[in-house]
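Presented below is the structure to which this report refers.
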Amino acid sequence: MSTRAAGGPAVVVLLLLALLLGACGTVKEPDPEDWDETARVSLTDAASEVSAVKLTLVHARSDDLWRSYAVVVLADAEEAVGKAEDKVTVLQPPPARTKVADKVANLLATASDVVGKARQSYVASHRVEDQLLHRLDVLAGRLEHQAKAL
């Protein structure tokens, strides 16, 4: 009788643990409106960070910022863009949003890549090229445009 009483709670605990672990591995598929909102927020966050990188580089080029401060701002922006990208790419898009999800994911990946390269370039040379500033400006506009299109 004591064996049966001790085994009952252990079985319940094991079943609950199995359910919890199983729930952790499931892919979340939001409804289209929720996916749109998540994508919109991620795109506007990324656009803001890309604009912050451009502004930082403009001021760094004119020696209005300490180099170490500029590097910190660029690294923080790179991390924030990566998080914005992750918020969207971890979600399985609803079937109705598959094409736009690919476009959003590619745009956020581009933002992550460009911001990372901007930081690397500035750290390596402390130079800011006009072409990079233009690319950041165009990219911020594309991110904002896509966010408004959702």
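Quick note: numbers below take in every heavy atom, side chains included, and nothing from hydrogens, waters or symmetry partners. Just so it is clear, the model here is predicted, and its values are computed rather than measured.
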**OP:** Determine, step by step, whether Glu144 and Lys148 satisfy the salt bridge (Lys or Arg N to Asp or Glu O under 4.0 Å) criterion, reporting the C-alpha distance in whole Å, the side-chain angles of both residues, the deciding distance to 0.1 Å, and the verdict.
**Re:** CA-CA 6 Å; Glu144 290 169 0; Lys148 290 176 184 172; 5.4 Å; no
[atom1] of [X] to [atom2] of [Y]: how many Å apart, nearest 0.5 Å?
X	Y	atom1	atom2	answer
Glu49	Leu143	CD	CG	11.0 Å
Thr56	Tyr122	OG1	OH	9.5 Å
Leu91	Asp86	CG	CG	10.5 Å
Leu150	His145	CG	NE2	10.0 Å
Leu57	Leu65	CG	CG	9.5 Å

**OP:** Using the test side chain to side chain donor-acceptor pair (under 3.5 Å), find all partners of Lys87 that sit at least two apart in sequence or belong to another chain.
**Re:** none
Original post:
Under the side chain to side chain donor-acceptor pair (under 3.5 Å) test, which residues partner Asp45, sequence neighbours left out?
Top reply: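 Checked Asp45 against side chain to side chain donor-acceptor pair (under 3.5 Å); zero matches.
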Provide the closest heavy-atom pair for [X] versus [Y] in the form atom of the first, atom of the second, distance.
X	Y	result
Ala70	Ala60	CB-CB, 4.2 Å
Val81	Val115	CG2-CG2, 4.2 Å
Leu132	Ala118	CD2-CB, 3.9 Å
Ser42	Leu108	O-CD2, 3.9 Å
Ala105	Glu85	O-OE2, 4.5 Å
Ala140	Ala47	O-CB, 3.9 Å

**OP:** Carefully, step by step, assess Val71 and Trp66 under the rule side chain to side chain contact (heavy atoms under 4.5 Å, CB included).
**Re:** CA-CA 9 Å; Val71 170; Trp66 288 331; over 6 Å; no
For residues [X] and [Y]: do they belong to one hydrophobic cluster (side chain heavy atoms under 4.5 Å, members Ile, Leu, Val, Met, Phe, Trp, Tyr)?
X	Y	result
Val73	Leu55	no
Val58	Val114	yes
Val41	Leu107	no
Val53	Val123	yes

Subject >> Trace of the side chain to side chain contact (heavy atoms under 4.5 Å, CB included) decision for Glu37 with Arg40 >> reply: CA-CA 5 Å; Glu37 182 61 23; Arg40 190 177 301 111; 2.6 Å; yes
Subject >> Residue list, salt bridge (Lys or Arg N to Asp or Glu O under 4.0 Å) with Lys117, at least two apart or on another chain >> reply: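 Only Asp113 meet the salt bridge (Lys or Arg N to Asp or Glu O under 4.0 Å) criterion with Lys117.
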**OP:** Report the residues that fulfil salt bridge (Lys or Arg N to Asp or Glu O under 4.0 Å) with Arg142, sequence neighbours left out, ordered by chain and then residue number.
**Re:**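 Salt bridge (Lys or Arg N to Asp or Glu O under 4.0 Å) list for Arg142, sorted by chain: empty.
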Original post:
Just wondering, do Glu79 and Lys83 contact through their side chains at under 4.5 Å, heavy atoms?
Top reply: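 When only atoms from C-beta onward are counted, Glu79 and Lys83 do touch, with a gap below 4.5 Å.
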**OP:** Sorted by first residue and then second, give each salt bridge (Lys or Arg N to Asp or Glu O under 4.0 Å) pair with at least one member in residues 54-64; sequence neighbours left out.
**Re:**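 Qualifying pairs: Lys54-Asp137, Arg61-Asp130.
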**OP:** Provide the full list of salt bridge (Lys or Arg N to Asp or Glu O under 4.0 Å) pairs with a residue in residues 66-78, sequence neighbours left out, each pair given once.
**Re:**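 As it turns out, the salt bridge (Lys or Arg N to Asp or Glu O under 4.0 Å) pairs with a partner in residues 66-78, which skip direct neighbours, are Glu78-Arg119.
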Original post:
Are any side-chain N or O atoms of Ser125 and backbone N or O atoms of Ser121, one a donor and one an acceptor, separated by less than 3.5 Å?
Top reply: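 Yes, because the side chain of Ser125 sits within donor-acceptor range (under 3.5 Å) of the backbone of Ser121.
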